[in-house]
Amino acid sequence: MRAWFRYSSVAGALVAALAVSAGAHAASKITIMVGGIDKIIYLPPKLTENLGYFKDEGLDVELQSQQAGVNAENQLVAGAVEAVVGYYDHSIDLQSKGKEIKSIVQFGLVPGAMMMVRSDEAGTIKSFADIKGKTIGVTGLGSSSSFLAQYLALKGGHPSGDYTMLPVGAGSTLIAAMKQKRIDVAWTTEPTTSQLLSTGEAKPIVDLVTADGTRQALGGLYPAASLYVRSDWAASHKDEAAKLAKAFVRTLHFIQTHTPEEIADKMPTDYYGGNKALYVQAMKASIPMFSPDGRMPQGGPETALKVLQAFSPNLKGKTIDLSRTYTNEFVDQVK
């Protein structure tokens with residue numbers, strides 16, 4: 001009887017310990033770094049948090065922000081964070097460097113950005129054919145904004161030696177660089193784009209916000225904002241990856257089924273920049289760029305690879321396996 005009691009006690013303790021261990025694993029924190037958390041192109045993370053969808057999935061998610069996606073990418077590769085919300089093209093660039101990451105939820109079907117010229121230069125710079133000797137403002141060197149700027153300049157007939165790229169971040173730092181005339185052309189996303197348009201400080205020369213504009217500039221849809229993780233993490237944390245996908249797909253559905261005003265109401269007031277009406281206007285312009293289901297758009301990876309191969313020495317003579325740069329496995333599980 002005593003032996004049975006001791007066995008039962010030990011067995012019970014083991015079960016309890018396993019339950020605690022499993023619970024601790026399920027509740028372990030997932031840190032997601034965002035390449036500019038207040039940018040509308042990266043709307044889903046904060047919106048998902050504010051809607052309570054992470055908690056609905058039993059996830060403990062911490063959101064952090066970096067000015068440029070390339071900085072977030074470095075944190076991911078170093079193992080400092082579990083996931084990044086940034087542009088999909090980093091997964092291609094990193095594979096060429098022997099690093100394996102993949103997009104597991106695709107947010108943006110297009111870059112959601114404009115290339116804008118300072119208004120006092122608008123008569124001189126009408127396209128990227130006029131960029132020689134000028135300075136282009138990008139979020140960071142090695143960022144997706146610099147990738148696309150280099151491609152557009154090359155398409156306009158100018159190799160990298162013909163112009164200067166200056167990292168200026170986004171939002172207020174980009175606007176300040178414009179006002180101080182340190183840059184002539186800038187990569188901008190909402191709500192910065194609407195702010196520059198409303199003040200008349202800049203004018204668009206390349207539209208990467210709409211599907212038509214993106215196809216005209218880049219030759220096809222260019223999958224941009226995404227949730228990407230290290231490939232080994234996706235393989236070893238399938239449950240967490242599936243829960244993240246479910247939370248984000250719910251958010252994408254929310255974006256498609258609610259008004260810009262209703263979406264704005266779910267965001268922090270400091271994201272408005274003191275002008276909620278302008279923020280709502282920017283939101284309205286941005287909604288069409290978001291995927292309705294988180295899946296990678298057909299032909300999108302091929303367009304991204306073509307753009308990067310046009311100028312990147314990292315990709316010269318290298319074979320990229322696009323099937324290793326993204327997966328629809330987890331979003332396809334969402335009902």
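No experiment lies behind these values; they were computed from the predicted model shown. All residue numbers in this chain count up from 1 along the given sequence.
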Scan the side chains in residues 212-220 for donor-acceptor partners under 3.5 Å anywhere in the protein, sequence neighbours excluded, and list what turns up.
from: T214; atom 1: OG1; to: T210; atom 2: O; distance (Å): 2.8

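- A centroid separation of 6.0 Å or more is found between the aromatic rings of F290 and F254.
- Applying the side-chain hydrogen bond (donor to acceptor under 3.5 Å, both in side chains) test to S91 and every residue at least two apart in sequence or in another chain returns nothing.
- For Q298, the CD atom is loosely surrounded, since the number of other residues' heavy atoms within 6.0 Å does not exceed 12.
- For V81, the side chain to side chain contact (heavy atoms under 4.5 Å, CB included) partners at least two apart in sequence or on another chain are T31, M33, Q64, Q75, L76, V84.
- Applying the salt bridge (Lys or Arg N to Asp or Glu O under 4.0 Å) test to K276 and every residue at least two apart in sequence or in another chain returns D265.
- Side chain to side chain, T164 and T135 fail the donor-acceptor criterion of an N or O pair below 3.5 Å.
- Applying the salt bridge (Lys or Arg N to Asp or Glu O under 4.0 Å) test to K284 and every residue at least two apart in sequence or in another chain returns nothing.
- Summarising the local packing, NE2 of H258 is surrounded by more than 12 heavy atoms from other residues, nucleotides or ligands at distances under 6.0 Å.
- More than 12 heavy-atom neighbours from other residues, nucleotides or ligands sit within 6.0 angstrom of NZ on K306.
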Review item, side-chain donor-acceptor pairs of residues 116-125, under 3.5 Å, at least two apart:
from: R118; atom 1: NE; to: D120; atom 2: OD1; distance (Å): 2.9
from: R118; atom 1: NH1; to: I183; atom 2: O; distance (Å): 2.8
from: R118; atom 1: NH1; to: D184; atom 2: OD1; distance (Å): 3.0
from: R118; atom 1: NH2; to: D120; atom 2: OD1; distance (Å): 3.4
from: R118; atom 1: NH2; to: D120; atom 2: OD2; distance (Å): 3.0
from: S119; atom 1: OG; to: G200; atom 2: O; distance (Å): 2.6
from: S119; atom 1: OG; to: E201; atom 2: O; distance (Å): 3.3
from: S119; atom 1: OG; to: A202; atom 2: N; distance (Å): 3.2
from: D120; atom 1: OD2; to: K181; atom 2: NZ; distance (Å): 3.4

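- At most 12 heavy atoms of other shown residues, nucleotides or ligands fall within 6.0 angstrom of atom NZ in K132.
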